[in-house]
Amino acid sequence: MNMTPYIKKKNNKQSTKKTRKVKKLNQVAYIQFELKKRGLSQVLIANELGMSQTAVCRAISGKSTIARVEEWLQDNIGLEKLYA
């Protein structure tokens with residue numbers, strides 16, 4: 001019986017997923033930095049837009065796309081596009 005160790009081959013899809021995740025995390029960190037720099041918070045955005053804090057958090061983190069949050073961030077922070 002020939003016993004050879006299992007070698008996992010690197011998949012290009014995994015590395016592109018990691019780079020997308022890093023880009024998304026950098027975008028989230030940048031948005032949070034800009035909010036804190038301007039003295040704003042996600043709660044303030046939620047109250048101003050009349051939506052839940054969870055919805056704003058999900059939109060900023062890129063888990064969902066909400067046009068009102070994206071427009072608010074573009075107008076108030078100056079972001080060109082969220083998660084293009």
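None of these values were measured; they are calculated from a predicted model.
- Interatomic distance, R58 CZ to T65 OG1, rounded to the nearest 0.5 Å: 10.5 Å.
- K63 contributes atom NZ, which lies 10.5 Å from atom OG1 of T54 (distance to the nearest 0.5 angstrom).
- Residues N76 and R38 have side chains not in contact (no heavy-atom distance under 4.5 Å, counting atoms from C-beta outward).
- At least one side-chain heavy atom of V69 sits under 4.5 Å from a side-chain heavy atom of M51.
- Between S61 atom OG and Q32 atom CD the span is 9.0 Å, to the nearest 0.5 Å.
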Steps toward salt bridge (Lys or Arg N to Asp or Glu O under 4.0 Å) verdict (K37, E34):
CA-CA 5 Å; K37 188 168 84 173; E34 288 294 327; 3.4 Å; yes
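- Considering only heavy atoms from C-beta on, I66 stays 4.5 Å or farther from W72 through its side chain.
- By the criterion of side-chain heavy atoms lying less than 4.5 angstrom apart, applied directly or through intervening Ile, Leu, Val, Met, Phe, Trp or Tyr residues, F33 is not grouped with V43; the two fall into different hydrophobic clusters.
- Of all the heavy atoms in A55 and S64, the pair that sits closest is O-OG, 4.5 Å.
- Looking at every heavy atom in both residues, V56 comes nearest to Q42 through CG1-O, 3.9 Å.
- The two atoms that bring I77 and I31 nearest to each other are CD1-O, 4.4 Å, heavy atoms only.
- At least one side-chain heavy atom of L35 sits less than 4.5 Å from a side-chain heavy atom of I60.
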